[in-house]
Amino acid sequence: MPLLDNLNAEQLAAVTLPDQHALILAGAGSGKTRVLTTRIAWLISTGNVSPAGVLAVTFTNKAAREMATRISAMLPISTRGMWIGTFHGLCNRLLRAHYRDAGLPQLFQILDAQDQHAFVKRLLKSLNADENRFAPAQVQYFINANKEEGRRAGDVEAFDDFSRRLVEFYAAYDEQCQREGVVDFAELLLRSYELLSRNELLREHYQGRFRHILVDEFQDTNRLQYRWLKLLAGHRSERRDAAGGESASSCLFAVGDDDQSIYRFRGANVGNMADFERDFRVENVIRLEQNYRSQGNILAAANALIANNRRRLGKNLWTQAGKGEPIRVLSARSDAEEAAWVAEEVRSLGREGLARREMAVLYRSNAQSRVLEHALFSAGIPYRVYGGQRYFERLEIKHALAYLRLLANPEDDGAFLRVVNFPPRGIGARTLEQLSDAARAAGTSLWQAVPRVAGKGGSALAAFARTIEALRGETRELPLAEVVEHMLAGSGLLDHFRAERDGADRVENLEELTNAAAAFAQEAAAEGAGAAEPDGPPDPLAGFLAHAALESGEHQAAEGADALQLMTVHSAKGLEFAAVFVTGLEEGLFPHEQSRKEDDGLEEERRLMYVAITRARSRLYLSFAQTRLLHGQTRYSVASRFVEEIPGEVLKWLAGRVSRPQFEDVAWETPAKKMPVPREIGAMGYRIGQSVTHPKFGQGVIVSAEGSGAEARLQVNFGRQGMKWLALEYAKLTPA
DNA sequence: TGAGGGATGGGACCA
DNA sequence: CCATCCCTCA
């Protein structure tokens, strides 16, 4: 079968596995997506399952799109009947189709993280919560973390007054969401889990329908997502929870890589992989270890590094390709020098004929991009920074969406508050306070309370209400794109930004919203024509709003330009480049300072480094700076332990004889040991930046000093031993 | 209402 | 250093 051509033995085994649960440990660059998509195509083309019997889950819209595209390239049929999407997208689909059973209004709105934050803030205020003890962000985190563990407020155990209060907020939050008809991201998951778990008929329907469930990036799933999968797969323990009957379970095909688990901070639970193996008695664990991306030295570095982690399922990447170039390492004197070197090296790679889009500069934290951008800009190298503001998160777009939400549902207090005085129309805090008092007293939404406060209609508030009413009236029967157009004009948003000095971009973004709406409507129409199921959103406006919340809009068409790619290591996951620069490899930065306080924190940082390394195909550069400007002051650091964990024989140390201020005649290729540490004004015979040795902590660098004479204390960075304050009088420090 | 000053805090991310 | 938040004042 041509479908199976060019698969290696393990890939072939995975693709053609019998109808059983399976765990595929897919190393970086091992053809994971190919296995996943070919498996689906194989199942369908062998008649094993119909397209409607396939459920494929990913984490990002991009991954879902790619999967759908690749499957339709392999099969003569359309992918329409298949459920391919993100967890949230699929849950949204489920809840829209069964909103009544799920206890939701038909046009429920989705809150993104920003909306949720504002919502919590508003809630805390209305409950007179102590602002100093309860920060909105903290309460938001508490709610999300619990939802992601599958716990409602009633399921959370409170140990003290503080946590009891948090639980109260959680309960009040859920009630308020229900009243306003809004749903946050975690709620999409939890609500659809509860829907299936409580509704036996529905559960059996979907369990019977989805014969094959395939999950991408399984190591990133959180506990709730795993339970959701278990429930849909008809796993016994989840069915007992749900008091359901017996039915044959569907096959769960999970693909993941524990070594690339880097999202614990957002709830991912690597343990799901081991749990899956146990819970489902998985007999088929297949390792994909042949790597088709990177050259030998790069893989040697990755393997050696990750071997330092203790809790692993275990994997070793190998390649048929040669060793390739050594990995080049630079010890720069400063972050500026590091950046200048990157620029220089990118130039030189360009001269060798490498396209800039094939090169990436990676860093641990976003703040590092500034220096790099400065150097690249000075050098005239086109670059693109990933991970800025996304389209649907922009201020003006959020305002526009809030107007649309009000058209769909005027009871939406969050949307109401966002735009009631935007553009400014003289509705101040005083008026809004009266309004919210009235609403609370009457137990209604703000919108319903307007007549109580606005009185006879001469007020600004009454005028706002009339504006919304008028818009609702005139857009009722219009196609989506025209609704948007009317809203932009009628709300005054367009005029407001046109009058603003620097409003041109915003006007452009707003006008783009009309195009986005038109494109969405067109796609929905095409989909609706072919779809056999009546579960699409009944209302195009609601559908568009859900789309805006679920797909924050990374479709930047500006990818045409050949630009160097700048991004955090996190956002590089899943991507690959011919040449990769991993910068800022300093103790305290990468691994990050914070990580030492978390258990498993260091191992997660190491996995992050593993991800960074494995992005590179043929050229890998590592760099660190001895001094770095952080939070407005110079920090002195030592090289990251991760550099030391890479075998010396694959490394090639570089150093520059830097002729200040220009870097033109730098001989970067001169082999050299680490450069001398810079010395600066210091105290008490020691200098800031000086290397010292401590009998217990070993080698360190003096970072700062305070006090004088017998009181003097030095702050020393001992690398993996951490940052220490030492009393000069007692500490047995010797210059190194 | 909105501009401007002063305090504060600063990890990564997708839906 | 920088962005963000809250408060004050015109």
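First the proteins, then the strands, lettered A, B, ... as listed; each starts at 1.
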Inset, instruction - In plain terms, say whether A:Arg370 and A:Asp335 are close enough for a salt bridge, that is, a side-chain N and a carboxylate O under 4.0 Å apart. - result: no
Legend entry - Test item: side-chain donor near acceptor, A:Gln116 and A:Asn144, under 3.5 Å: yes
Between protein and nucleic acid, restricted to nucleotides 4-14 of chain B and to nitrogen or oxygen atoms under 3.5 Å apart, what atom pairs and distances do you find?
residue, atom, partner, partner atom, Å
B:dG10, N3, A:His631, ND1, 3.4
B:dG11, O4', A:His592, NE2, 3.3
B:dG11, O6, A:Glu598, OE2, 2.3
B:dG11, N1, A:Glu598, OE2, 3.4
B:dG11, N2, A:Arg364, NH2, 2.1
B:dG11, N2, A:Glu605, OE2, 2.7
B:dG11, N3, A:Arg364, NH2, 3.0
B:dA12, OP1, A:Asn366, N, 2.6
B:dA12, OP1, A:Asn366, ND2, 3.1
B:dA12, O4', A:Arg364, NH1, 3.1
B:dC13, OP1, A:Thr568, OG1, 2.9
B:dC13, OP2, A:Asn366, ND2, 3.4
B:dC14, OP2, A:Arg390, NH2, 2.8
B:dC14, O5', A:Arg390, NH2, 3.4
B:dC14, O4', A:Arg266, NH1, 3.2

Legend entry - A:Glu180 and A:Arg405 ion-paired at < 4.0 Å: no
Inset, instruction - Assign each of A:Leu550 and A:Gly426 to its nearest nucleotide of DNA chain B by heavy atoms, then name whichever residue's nucleotide is nearer the 5' end. - result: A:Gly426
Inset, instruction - Just say parallel, tilted or perpendicular for the rings of A:Trp83 and A:Tyr206, cut-offs at 30° and 60°. - result: tilted
Legend entry - Rounded interatomic separation in angstrom, taking CZ from A:Phe422 and C1' from B:dT1: 13 Å
Inset, instruction - Verify the neighbour count for atom CZ of A:Arg223: are there more than 12 heavy atoms of other residues, nucleotides or ligands below 6.0 Å? - result: no
Inset, instruction - Give the ring-plane orientation class for A:Phe544 versus A:Phe392, where under 30° counts as parallel, over 60° as perpendicular and anything between as tilted. - result: perpendicular
Inset, instruction - For C:dT4 versus B:dC13, give the span between their P atoms, rounded off to a whole number of Å. - result: 15 Å
Inset, instruction - Check every strand shown and say whether A:Ala429 touches a base, only sugar-phosphate, or nothing at a heavy-atom separation below 4.0 Å. - result: sugar-phosphate
Inset, instruction - For the pair A:Asp112 (side chain) and A:Ala549 (backbone), establish whether a donor and an acceptor sit closer than 3.5 Å, ignoring hydrogens and angles. - result: no
Inset, instruction - Would you check if A:Val582 and A:Ser623 make a side-chain contact, meaning some heavy-atom pair closer than 4.5 Å? - result: no
Inset, instruction - Would you mind reading off the distance between A:His117 atom NE2 and B:dA15 atom P, rounded to a whole angstrom? - result: 21 Å
Inset, instruction - Report the residues that fulfil side chain to side chain donor-acceptor pair (under 3.5 Å) with A:Glu148, sequence neighbours left out, ordered by chain and then residue number. - result: none
Inset, instruction - Using atom CG of A:Leu545 as one end and atom P of B:dA15 as the other, report the distance to the nearest whole Å. - result: 18 Å
Legend entry - Candidates B:dT1, C:dC6, B:dA15 - which lies nearest the side chain of A:Lys121: C:dC6
Inset, instruction - Output all residues satisfying salt bridge (charged side-chain N to carboxylate O under 4.0 Å, His left out) with A:Glu396, sequence neighbours left out; order by chain, then residue number. - result: A:Arg506
Between the protein and nucleotides 8-10 of chain C, which nitrogen or oxygen pairs are less than 3.5 angstrom apart?
none

Legend entry - DNA chain B base-pair string [pairs: Watson-Crick or G-U under 3.5 Å; |: paired with another strand]: ||||||||||.....
Legend entry - Gap between atoms CG and C1', on A:Leu190 and B:dA15 respectively (whole Å): 15 Å
Inset, instruction - To the nearest Å, give me how far apart CZ (A:Arg425) and C1' (B:dG2) are. - result: 17 Å
Inset, instruction - Could you tell me whether a side-chain N or O of A:Ser261 sits under 3.5 Å from a main-chain N or O of A:Asp258, the two making a donor and an acceptor? - result: no
Inset, instruction - For A:Asp112, report the nucleic acid contact type (base, sugar-phosphate, nothing); a contact means any heavy atom under 4.0 Å. - result: nothing
Inset, instruction - Could I get the full list of side chain to side chain contact (heavy atoms under 4.5 Å, CB included) partners for A:Ala339, not counting sequence neighbours? - result: A:Val371, A:Leu372, A:Ala375
Inset, instruction - Would you mind reading off the distance between A:Leu224 atom CG and B:dA15 atom P, rounded to a whole angstrom? - result: 18 Å
Inset, instruction - With heavy atoms under 4.0 Å as the rule, sort A:Ile427 into base, sugar-phosphate or nothing. - result: sugar-phosphate
Inset, instruction - Write down the distance between CD (A:Gln368) and C1' (C:dC1), rounded to a whole number of angstrom. - result: 15 Å
Inset, instruction - Tell me which of A:Glu148 and A:Pro424 sits closer to the 5' end of DNA chain B, going by the nucleotide each one is nearest to. - result: A:Pro424
